[in-house]
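One structure is given below, encoded as structure tokens.
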Amino acid sequence: MAPTNSFDNNLKKLEEIANLLSQDDLSLEKGIKLFKEGMKIIAKCKTQLQKAKDEVETYLQSKENEA
């Protein structure tokens with residue numbers, strides 16, 4: 001099972017938040033809370049993507065040095 005903070009789980013949570021934010025009967029307070037939660041998740045996703053990018057670049061550089 002994937003950890004709760006996995007990139008895929010974070011994307012699913014963002015989809016849920018986007019769906020909730022699109023509801024017509026959403027209160028302002030709930031909307032702001034969901035927006036803040038979504039922004040925190042986006043920050044986590046950016047960090048995860050940067051880490052993955054760095055790992056790929058490091059791997060590719062090590063392969064270039066082996067050649």
Side-chain angles (χ1 to χ4, degrees):
M1 189 166 94
T4 54
N5 273 338
S6 75
F7 186 79
D8 291 335
N9 283 343
N10 284 334
L11 285 181
K12 286 179 187 173
K13 184 65 179 170
L14 281 173
E15 286 181 36
E16 292 172 12
I17 290 171
N19 287 335
L20 290 171
L21 286 171
S22 68
Q23 294 178 355
D24 291 335
D25 60 347
L26 184 67
S27 70
L28 178 62
E29 293 80 13
K30 179 75 172 173
I32 291 171
K33 181 180 176 186
L34 287 168
F35 175 79
K36 288 179 178 179
E37 182 181 352
M39 293 305 293
K40 288 178 185 178
I41 295 171
I42 287 170
K44 288 180 190 177
C45 288
K46 283 183 172 182
T47 300
Q48 290 169 319
L49 285 172
Q50 185 61 50
K51 183 180 177 189
K53 179 184 174 192
D54 292 345
E55 287 179 21
V56 169
E57 287 175 351
T58 300
Y59 175 79
L60 291 175
Q61 286 175 356
S62 70
K63 288 300 177 185
E64 282 181 11
N65 291 337
E66 289 178 7

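Below, all heavy atoms of this structure are taken into account, side chains as well, without hydrogens, waters or symmetry copies.
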Less than 3.5 Å apart, which donor and acceptor atoms pair up between the side chains of residues 12-27 and the rest of the protein, not counting sequence neighbours?
| unit_1 | atom_1 | unit_2 | atom_2 | d |
| --- | --- | --- | --- | --- |
| N19 | ND2 | E15 | O | 3.3 |
| S22 | OG | N19 | O | 2.7 |
| S27 | OG | K30 | N | 3.1 |

Taking only distance into account, with no hydrogens and no angle test, what donor-acceptor pairs under 3.5 Å do side-chain atoms of residues 43-58 form with protein atoms, sequence neighbours excluded?
| unit_1 | atom_1 | unit_2 | atom_2 | d |
| --- | --- | --- | --- | --- |
| T47 | OG1 | A43 | O | 3.1 |
| Q48 | OE1 | N10 | ND2 | 3.2 |
| Q48 | NE2 | N5 | O | 2.6 |
| Q50 | NE2 | D54 | OD1 | 2.8 |
| T58 | OG1 | D54 | O | 2.8 |

Can you give me every donor-acceptor pair (side chain of residues 60-67, partner residue at least two apart or in another chain, under 3.5 Å) with its distance?
| unit_1 | atom_1 | unit_2 | atom_2 | d |
| --- | --- | --- | --- | --- |
| S62 | OG | Y59 | O | 2.7 |
| K63 | NZ | E66 | OE1 | 3.3 |
| N65 | ND2 | Q61 | O | 3.3 |

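Among residues at least two apart or in separate chains, there is no side-chain hydrogen bond (donor to acceptor under 3.5 Å, both in side chains) pair with a member in residues 31-41.
Residues M39 and L34 share a single hydrophobic cluster, defined by chaining ILVMFWY side chains whose heavy atoms lie under 4.5 Å apart.
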